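What follows is a short report on a single structure.
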Amino acid sequence: MNERKKERSEFDKLWYNVNMKLYSWNINGLRAVLKKGALSEFINSEHPDILCLQETKAKPGQAEVDLPEYLELWNSAERAGYSGTATFTKFQPIREFHGFTSDIIIDNGWVDRYGDPLTEGRIQTLEFEPFYLVNVYTPNSKNDLSRLQLRENRWDPNFLRFLKTLEAHKPVVVCGDFNAAHTPLDLARPKDNEKNAGFTEEERQGIKNLIDAGFVDTFRYFFPSTQRYTWWSHWAHCRERNVGWRIDYFFISPQLLPKLKSAEIHENFLGSDHCPVSIELDF
């Protein structure tokens, strides 16, 4: 048996009949969600194989996470108590890397009055044998839209270019908080928010560009006309009244569609202003 056949045989053995449950959750502060007991409640209920977290607001050692069955991988912001991503996985990745690949042009145009989004721990990529997994926390355009230009001209086009660069090598799973609702179906009050952050034409176009490039919105694949949400404002009891937005997603390369078994939103889990979302893949 030559080396390539040997490697293929080992891959088939490792990934034959493997069921993977992948979850994504903007927890709005890891220390806060741990203190509430919400993360352990979620883990004990759902038993994710891979859990991608956004807005961790912590660095390793600042939050004591007792999950011995998981490998902990962190991408924290340079700025203390801000932004950040982390992934907890039962599957050993081939490699992990942070930020964009080297083909993305990095210049001073990324820095604004809020700082440098490239130092905020916003992109974490894990390579597994069958796919790349990208965990993303997209910059918020801000209530006054002062970061919308960054989104439109820098972040969204370069993030899509980054995903397509990865996809040239193997399929991609990308999940996280995209800070934008794609269509009127994805928020409770679309007419009231047409020019507001999270539902501007520019932000919606960023999501549309992902889909036009071939990436599949997994929730919409199963639920094309269902109105459900992943984020609720703290104001005016929005969660209790279910006045929300769907801004957290799992997108996959079309090559993975035969492996996609389910996509779900888990509104019953509290502890953050977002709720977890998930997909299930069978290999």
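Computed from a predicted model, the values in this text were never measured in an experiment. For the single chain, residues carry numbers from 1 onward in sequence order.
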**Message:** Against L51, only a single residue in L39, T89, L67, I27 fulfils side chain to side chain contact (heavy atoms under 4.5 Å, CB included); can you say which?
**Reply:** L39
**Item:** P48 backbone acceptor or donor facing Y70 side chain under 3.5 Å
**Value:** yes
**Prompt:** With a 4.5 Å heavy-atom cut-off, do V173 and V134 have their side chains touching?
**Reply:** no
**Message:** Set out, in order, the CA-CA distance, both residues' side-chain angles and the distance that settles side chain to side chain donor-acceptor pair (under 3.5 Å) for T138 and D177, then state yes or no.
**Reply:** CA-CA 6 Å; T138 305; D177 177 1; over 6 Å; no
Residues 247-264 side chain polar contacts: donor-acceptor under 3.5 Å, at least two apart:
| from | atom 1 | to | atom 2 | distance (Å) |
| --- | --- | --- | --- | --- |
| D248 | OD1 | T230 | OG1 | 2.5 |
| D248 | OD1 | H274 | ND1 | 2.9 |
| D248 | OD2 | H274 | ND1 | 3.2 |
| Y249 | OH | A180 | O | 2.8 |
| Y249 | OH | H182 | N | 3.2 |
| Y249 | OH | R246 | O | 3.1 |
| S253 | OG | E167 | OE2 | 2.5 |
| S253 | OG | V172 | N | 2.8 |
| S253 | OG | V172 | O | 3.4 |
| S262 | OG | E280 | OE1 | 3.2 |
| E264 | OE2 | R228 | NH1 | 2.9 |
| E264 | OE2 | R228 | NH2 | 2.6 |

**Request:** Ignoring hydrogens and angles, tell me if any N or O in the side chain of T200 forms a donor-acceptor pair with the backbone of A197 under 3.5 Å.
**Result:** no
**Asked** Side-chain contact, heavy-atom cut-off 4.5 Å: L133 with T125?
**Response** no
**Prompt:** Any donor-acceptor pair under 3.5 Å linking the side chain of K36 with the backbone of L270?
**Reply:** no
**Prompt:** Can you find a pair of side-chain heavy atoms, one from D112 and one from R147, that are under 4.5 Å apart?
**Reply:** yes
**Prompt:** Hey, mind stepping through V111 and L118 against side-chain contact (heavy atoms from CB on, under 4.5 Å) and telling me if it holds?
**Reply:** CA-CA 9 Å; V111 181; L118 303 179; over 6 Å; no
**For D192, side chain to side chain contact (heavy atoms under 4.5 Å, CB included) partners two or more places apart** = R189
**Complete:** Those residues at least two apart in sequence (or on a different chain) that pass side-chain hydrogen bond (donor to acceptor under 3.5 Å, both in side chains) with N209 are Q205
**Item:** Considering all heavy atoms, the nearest P184-Q227 contact
**Value:** O-NE2, 3.8 Å
**Chi angles and distances behind the side-chain contact (heavy atoms from CB on, under 4.5 Å) call for F100, T165** = CA-CA 10 Å; F100 290 115; T165 299; over 6 Å; no
**Message:** With a sphere of 6.0 Å drawn around CD of E72, does it hold more than 12 non-hydrogen atoms of other residues, nucleotides or ligands?
**Reply:** yes
**Asked** Looking only at side chains, do S24 and N135 share a donor and an acceptor under 3.5 Å apart?
**Response** no
**Item:** F178 and W155 aromatic centres sub-6.0 Å
**Value:** no
**Message:** By the definition salt bridge (charged side-chain N to carboxylate O under 4.0 Å, His left out), identify the one residue from K195, K208, R151 that meets it with E203.
**Reply:** R151
**Message:** If I compare all heavy atoms of Q124 with all of A86, which pair ends up nearest, and what's the gap?
**Reply:** OE1-C, 3.3 Å
**Asked** With under 30° as parallel and over 60° as perpendicular, where do the rings of F97 and Y132 fit, or are they tilted in between?
**Response** perpendicular
**Message:** Between D107 and R154 (salt bridge meaning N to carboxylate O under 4.0 Å), is one present in this structure?
**Reply:** yes
**Message:** Please give me the minimum heavy-atom distance between W25 and S272, naming the atom from each residue.
**Reply:** NE1-CB, 3.8 Å
**Asked** Does atom CD of E64 have more than 12 heavy-atom neighbours, drawn from other residues, nucleotides or ligands, at distances under 6.0 Å?
**Response** no
**Message:** Just by distance, no angles: are the side chains of D116 and W110 close enough, under 3.5 Å, to form a donor-acceptor pair?
**Reply:** no
**Request:** Taking the six-membered ring for Trp and the full ring for Phe, Tyr or His, determine whether the centres of Y23 and H266 are under 6.0 Å apart.
**Result:** yes
**Asked** Taking everything shown except D212 itself, do over 12 heavy atoms lie less than 6.0 Å from its CG?
**Response** yes
**Request:** Please confirm whether R204 makes a cation-pi placement over F199, using NZ or CZ under 6.0 Å from the six-membered ring centre and within 45° of the ring normal.
**Result:** yes
**Worked verdict on W232 versus R241 for side-chain contact (heavy atoms from CB on, under 4.5 Å)** = CA-CA 9 Å; W232 301 262; R241 297 185 296 121; over 6 Å; no
**Request:** Count the heavy atoms belonging to other residues, nucleotides or ligands that lie under 6.0 Å from CD of Q62, then report whether that count exceeds 12.
**Result:** yes
**Message:** Less than 4.5 Å apart, side chain to side chain, heavy atoms only: is that true for V65 and L34?
**Reply:** yes
**Prompt:** Which residue, E120, R122, E55, forms the side-chain hydrogen bond (donor to acceptor under 3.5 Å, both in side chains) with Y137?
**Reply:** E55
**Item:** Derivation of the salt bridge (charged side-chain N to carboxylate O under 4.0 Å, His left out) call for D273 and R239
**Value:** CA-CA 8 Å; D273 51 351; R239 189 154 191 172; over 6 Å; no
**Item:** Exercise: do R79 and T119 side chains pair donor with acceptor under 3.5 Å
**Value:** no
**Prompt:** Can you tell me if OH on Y221 sees more than 12 non-hydrogen neighbours from other groups inside 6.0 Å?
**Reply:** no
